[in-house]
Every structure is written in C-alpha cells, then in structure tokens.
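Notes for the one structure printed next.
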Amino acid sequence: MSSAVSDFIRNRIRDDIENDVVDDSIVTRFPPEPNGYLHIGHAKSICLNFGVAEEFGGKTYLRFDDTNPLKESEEFVESIQEDVRWLGFDWEDRLTFASDYFDQLYGFAEQLIQEGRAFVCDLSADEIRATRGTLTETGTNSPYRDRSVAENLDLFRRMRAGEFPNGSRVLRAKIDMASPNLNMRDPVLYRILHAEHHRTGDSWCIYPMYDYTHCICDALEGITHSLCTLEFEDHRPLYDWVLDNISINFHPPQIEFSRLGLEFNVMSKRILTSLIKDGHVEGWDDPRLPTLSGLRRRGVPPEAIRDFCSRVGVTKQANLVETSLLDFCVRSTLEDTSPRAMAVIDPLPVEVINFDDDDVMLEAPNHPKVPELGHRQLSFGRNLFIERSDFRETASKKQRKLTLNGLARLRYGFIVECVEVKKDAHGEPVELKVRYVPESRSGQDTSGLKPRSTLHWVSSANAVSAKFRLFENLFNVREPGGDDLGEELNPSSKIEQDGLVERVVVEDEWDRCQFERNGYFVKDSDSTSTAPVFNRIVSLSSGIR
RNA sequence: UGGGGUGUAGCCAAGCGGUAAGGCAGUGGGUUUUGAUCCCACCAUGCGCAGGUUCGAGUCCUGCCACCCCAGCCA
C-alpha cells in the first residue's frame with residue numbers, strides 16, 4: 001500500500017486547517033444519486049472524500065442525492081451502501097438523503113420569492129430552451145419574469161399543492177439571461193413531478209433541482225470542502241449564488257477534480273445501463289464491468305482498488321489510466337496473501353508408464369514465501385494431466401515446454417520424460433506417455449537433471465473438474481463510447497473452459513487463490529456443490545503462454 | 001468564433017524562480033522447482049509552441065496552439 005498522499009485538494013485542506021479557515025474538523029460527503037450502481041470512478045471520489053476525512057481527523061456523510069424520483073430507487077440505495085462498506089469506509093450515523101431536507105429547501109425557495117430573487121415561469125420546457133440563447137447569443141427574459149411577489153408566492157404554493165400538471169410551470173432563479181455562463185440564465189429551481197418518491201412517497205409533487213439542492217444540503221451539513229468533478233465547475237457560480245441569496249450561515253467551497261478514465265472501459269451510467277439492457281453483459285455485477293459489484297465478483301480485493309485510487313492521484317487533468325496499473329495493484333495485494341494450488345484449464349492426459357504402484361503423496365507449500373499459509377498433500381500417480389499448451393512436439397529455443405523426448409519437472413513432483421505422443425485424426429495430441437525419474441522427487445532430487453521448465457499438473461486421483469472463466473477487456477478500443485457500441489465490443493471478453501483443479505481447493509472452500517502459472521482466481525457465485533466455477537481475477541505478469 | 005478548464009516521458013503524477021521526485025509500462029541483468037515474486041540498473045539537456053523578464057524560468061509576463069466541459073423541467 002502506498003504511503004502519505006498529497007495532491008492539490010489535500011494541500012488546500014491542510015492550508016485551511018493551518019489558517020483556521022475551518023473552525024473545527026473538516027467535513028466531507030460522498031453524494032451519489034441512487035439511479036445506478038457505483039463504479040471505479042466513484043471509488044476515486046469515495047476514497048478521496050472518506051480518505052481526507054480519515055487523514056485530517058474529520059467526518060464524512062454518505063448523502064443520497066435523491067431529487068429525481070423518476071430515476072431513483074431503493075435497489076440502488078442499498079447497492080451503493082453495500083459497495084461503500086465493501087470498499088472499507090464507514091459513515092457511522094451520517095447517512096442522509098437530500099429528501100431529508102425537502103421542507104427546508106422549500107422554505108428557502110419561498111424566501112427567494114419573497115425577496116424577488118425567484119419567479120414562477122409558465123413557459124414550456126421547449127420555450128425555456130428556445131429563450132435560453134446559445135453559447136454565443138444571450139437569452140431573453142421570460143415574459144413571467146416580473147410577476148409580483150404575491151403572485152409568485154401564490155403560484156408556487158399552488159404548485160406544491162398539486163393544482164398544476166407536470167411541466168406546466170417551474171420556479172426559476174432571477175439571475176441574468178445575458179450571462180456568458182448558461183447555468184446563470186435564470187435556472188430552474190423546482191419542477192412539477194407528480195411522482196412517487198422512494199422515501200417521501202406522495203407527499204411532494206414538486207422537486208428541487210440539483211443545483212439548488214446540493215449547495216444547501218452541503219451548507220446544512222456543514223461540509224467544509226465540497227468535492228466534485230470537473231463538469232460542475234461551470235455550476236460553481238450558481239452554487240455560490242444560491243447560498244449568497246438565502247439566510248444560511250455556512251458556505252462551503254466547491255472544489256473540482258477530474259474524473260477517472262480507465263482504458264477499454266466505460267463509466268457512463270447511460271452506457272453501463274444499456275450494456276446490461278441489451279444483454280452484452282449479464283448484469284451490474286458482470287465481472288468484466290468496472291462497477292464495484294463487478295470488480296467484487298471478479299475477485300478484486302477492495303484494498304487493491306484503494307491502492308489504485310491513491311496511485312492515480314487527484315488533479316484537474318483529463319486522464320485515461322492504463323489497465324496495467326489496476327492489474328498491478330490487484331497482483332500486488334494478492335501476491336502475499338493468496339495460497340497457491342494447481343489447476344489445469346485445458347487438460348492433456350498424461351500416462352506415467354513406469355509408475356505401477358499406488359499414488360505417492362507429496363507435500364507442497366501453499367505459498368513459496370509465506371509458510372503461515374501452510375501446506376497440502378498432492379498425489380502423484382500413473383494418470384496425470386498437464387496444460388495442453390505446455391506440450392509442443394518439437395523443441396524451440398524460445399519456448400519452455402515439454403517436448404517429445406524432452407524433460408520437464410512437474411512442480412513439487414518428479415521429472416518426467418515424454419516418450420510418446422498419441423494424436424487424433426487432425427494430428428492434435430490427445431495423450432502423452434511419459435517416464436518419471438524416481439530419484440528426482442521434489443526436495444530430495446539426486447538425479448542431477450536440470451530441466452528448463454517446471455509445469456503445473458494434477459493427478460486424476462487428486463483433481464475435480466471445474467469451469468474456468470477467463471476475461472479480457474470488454475471493449476477493444478481504448479476509449480469506447482462511440483456511436484456503434486457493438487462495434488467496439490471485444491467478442492472474446494469472456495471465455496469459459498472446462499478443466500481440473502486440485503480437490504482441496506473445492507473441498508476446503510478456498511477463497512481467492514493463485515493457480516500456479518495461470519493467475520489469481522476466485523470462486524464465482526455461479527458455482528454449485530458439484531460444479532465449481534472459477535473467475536480469473538488477473539493473470540500473472542509475463543506474457544508468454 | 002461566448003464562458004469555464006487543462007497541457008511535465010507510452011500512461012498517471014510531483015514540482016510553488018536555484019538547475020526535472022515517484023509509480024505503472026518498457027529495456028537489460030541477478031536470484032528462483034511459478035517465464036511469478038524478489039533484487040539491481042537503465043529509461044525527459046528537457047516541461048504544448050514562440051517571444052520576453054532574470055545571473056538563473058517547468059515555475060513570472062505577453063502572444064499563439066491543442067484538447068476537455070457547458071445550450072436537461074438529469075445529477
């Protein structure tokens with residue numbers, strides 16, 4: 001795990017603490033909208049918000065930004081909590097919802113109306129769009145902009161009372177239709193939505209907009225540093241305007257940082273949702289997805305994600321991080337903690353023709369460097385399996401494989417010499433005949449032989465069959481998200497193979513482990529008691545094979 | 001061509017006027033019964049470009065250029 005983190009936000013917080021800009025301790029918040037599952041981009045924000053609070057002795061709220069009942073649901077509030085907890089963060093009693101503040105939000109809106117800073121507008125959505133102007137042209141004032149305070153108040157109260165249909169009126173801030181910042185052109189504060197809210201039920205039929213809600217909730221919760229992503233930079237003047245124009249005695253600073261981009265992945269909720277809806281993946285927890293539930297099912301430990309987030313840093317620069325960094329973080333957290341075993345994913349039968357006795361038991365350490373992980377018994381007998389790709393009929397200088405008439409060591413077992421290859425009609429090897437060297441037993445080898453390669457293997461007596469799922473990038477373009485998503489998908493992002501694994505892994509229900517030379521694996525939730533399924537979390541680094 | 005941002009190695013990223021940290025990737029070597037791990041070494045005379053200020057500029061000034069975001073009654 002990497003040590004002391006430093007970035008422009010932490011530097012700013014440190015300064016604020018030193019200069020007594022914050023009275024007490026710092027307060028942050030992670031404010032997801034419960035309309036989808038969290039992904040690794042959210043993890044960056046979670047690690048930042050909870051991380052700085054831990055580092056500087058502060059508190060963090062988990063606040064659901066639930067102001068749009070049309071898109072939000074309880075399913076998502078539950079999955080989000082599960083994911084944040086899984087990442088290893090604790091909001092204690094600071095679980096809140098924007099909807100907790102609906103009454104106060106409404107009160108502040110009436111205050112804005114009383115002071116002539118907001119008005120009820122009867123323009124349709126299309127008309128508002130048409131009068132907003134463009135990037136280069138100013139907008140024009142709504143004809144309803146100069147309604148009296150009394151009329152505005154009356155109308156707003158009747159909006160709340162449910163007298164008007166959806167879309168018929170909105171409450172707008174009275175700012176400046178000529179502002180070069182489109183967000184300041186009399187933005188909508190409240191809209192009419194006759195919809196059931198997952199928390200407040202049918203007690204409201206008007207709902208506040210994000211820009212109006214977020215800053216007030218931040219202020220109400222005493223957030224000392226309101227951290228968000230770059231696309232909200234243009235919203236900051238509005239964030240400040242709202243707080244400057246209501247009676248509230250706290251004004252958090254909004255500080256923006258860049259989103260995480262990960263090569264060959266998409267973070268957009270829209271695209272993620274459509275991948276699932278169109279059946280390109282099997283759900284939010286598909287192991288190929290960068291969702292936290294997908295990564296969890298893939299077998300990625302939360303520590304690896306936190307390490308990754310600290311290594312990518314926090315800046316305002318647009319970024320597209322290479323997947324090799326995530327892979328590195330996963331391997332390095334698994335390296336010292338995962339017990340080893342052997343699995344043969346694509347088995348080639350091997351008969352040891354000079355082995356006539358009962359199987360012999362061999363002892364193998366579960367980790368080459370961590371004796372605390374224990375050891376296990378391997379049986380070695382006449383009928384074995386090796387990886388099909390570990391045999392090649394003729395030797396080559398570059399490859400380290402078992403060849404006809406060549407030698408190889410079977411890891412923690414004996415050295416064998418291949419004496420015959422049986423092939424099918426296509427010339428493909430279907431079985432090997434080998435002789436083992438009795439005096440080459442692992443740990444007490446007196447043979448003097450030094451084969452170039454060591455292979456993983458299982459014996460038929462010691463193995464059970466299993467399915468192995470091998471994953472590649474879901475997309476075959478570095479930055480997916482073009483018009484034709486189907487064109488960008490990697491057709492071989494998921495490959496399932498039937499193979500064999502040491503019995504002990506299944507019987508003792510090992511969690512994550514390394515199958516030597518094949519990578520790190522975890523048992524998938526699709527496993528049954530008779531048919532285990534293993535996901536490859538990540539391969540070992542190297543390349544060849 | 002309005003506004004807001006950002007440019008340091010293949011990818012991230014330090015740097016705050018005193019002579020380019022670190023990580024990932026890559027390359028070479030050592031150890032190794034996992035082509036793993038581990039260890040060592042190498043990897044920007046140059047910081048988007050062009051001028052200027054200064055004894056000295058990635059850091060300051062001026063002018064360009066490139067890229068990202070914004071025209072939801074989404075967040």
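Protein chains get the first letters and strands the later ones, always in sequence-line order, with residue 1 at the start of each. This one's a predicted model, so the numbers in the text were calculated from it and none came from an experiment.
- Under the 30°/60° scheme for interplanar angles, the aromatic rings of A:Phe414 and A:Tyr436 are found to stand perpendicular.
- At the heavy-atom level, A:Arg132 lies under 4.0 Å from the strands shown only through sugar-phosphate atoms.
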Self-check item: Which nucleotides of RNA chain B pair, in dot-bracket form (Watson-Crick or G-U under 3.5 Å, | meaning another strand)
Solution: .(((((((.[[[..)..(...]]].(((((.......))))).....[[[[[..)....]]]]])))))).....

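- Residue A:Tyr412 is in base contact, counting any heavy-atom pair closer than 4.0 Å across all strands shown.
- A glycosidic torsion no more than 90° from 0 defines the syn conformation; B:G7 lies beyond that range and is anti.
- Contacts of A:Thr67 with the nucleic acid, taken as non-hydrogen atoms under 4.0 Å apart, involve only primed sugar atoms and P, OP1 or OP2.
- Between the base of B:U33 and the side chain of A:Arg409 there is a donor-acceptor pair shorter than 3.5 Å.
- Separation of the A:Tyr239 and A:His235 ring centroids does not fall under the 6.0 Å cut-off.
- A cation-pi arrangement is present between A:Arg169 and A:Phe164, with the terminal nitrogen or guanidinium carbon under 6.0 Å from the aromatic centre and inside a 45° cone about the axis.
- Using a 4.0 Å heavy-atom criterion, one finds that A:Lys369 contacts the bases of the nucleic acid, with or without backbone contacts as well.
- Among the atoms of the strands shown, none is found under 4.0 Å from any heavy atom of A:Leu334.
- The cationic group of A:Arg29 does not satisfy the cation-pi geometry with A:Tyr61, failing either the under 6.0 Å distance to the six-membered ring centre or the 45° limit from the ring axis.
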Could you go over nucleotides 20-23 of chain B and give all protein N or O partners under 3.5 Å, atom names and distances?
{"from": "B:G23", "atom 1": "O2'", "to": "A:Arg311", "atom 2": "NH1", "distance (Å)": "2.7"}

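- Taking the C1' atom of each, B:C64 and B:G7 are spaced 14 Å apart, rounded to whole Å.
- Atom CD of A:Glu479 has 12 or fewer neighbouring heavy atoms from other residues, nucleotides or ligands inside a 6.0 Å radius.
- Not a single donor-acceptor pair, N or O on each side, falls under 3.5 Å between the base of B:U6 and the side chain of A:Lys316.
- A:Gly443 comes within contact range of at least one nucleobase, with a heavy-atom separation under 4.0 Å.
- As rounded to the nearest Å, B:C42 and B:C49 have C1' atoms that lie 30 Å from one another.
- In this structure, A:Arg160 is positioned above the aromatic face of A:Trp204, its NZ or CZ under 6.0 Å from the six-membered ring centre and within 45° of the axis.
- For the C1' atoms, the distance linking B:U19 with B:A50 amounts to 23 Å, nearest Å.
- One donor-acceptor pair, N or O on each side, does fall under 3.5 Å between the base of B:G10 and the side chain of A:Glu322.
- Counting non-hydrogen atoms under 4.0 angstrom, A:His214 reaches nothing in the nucleic acid.
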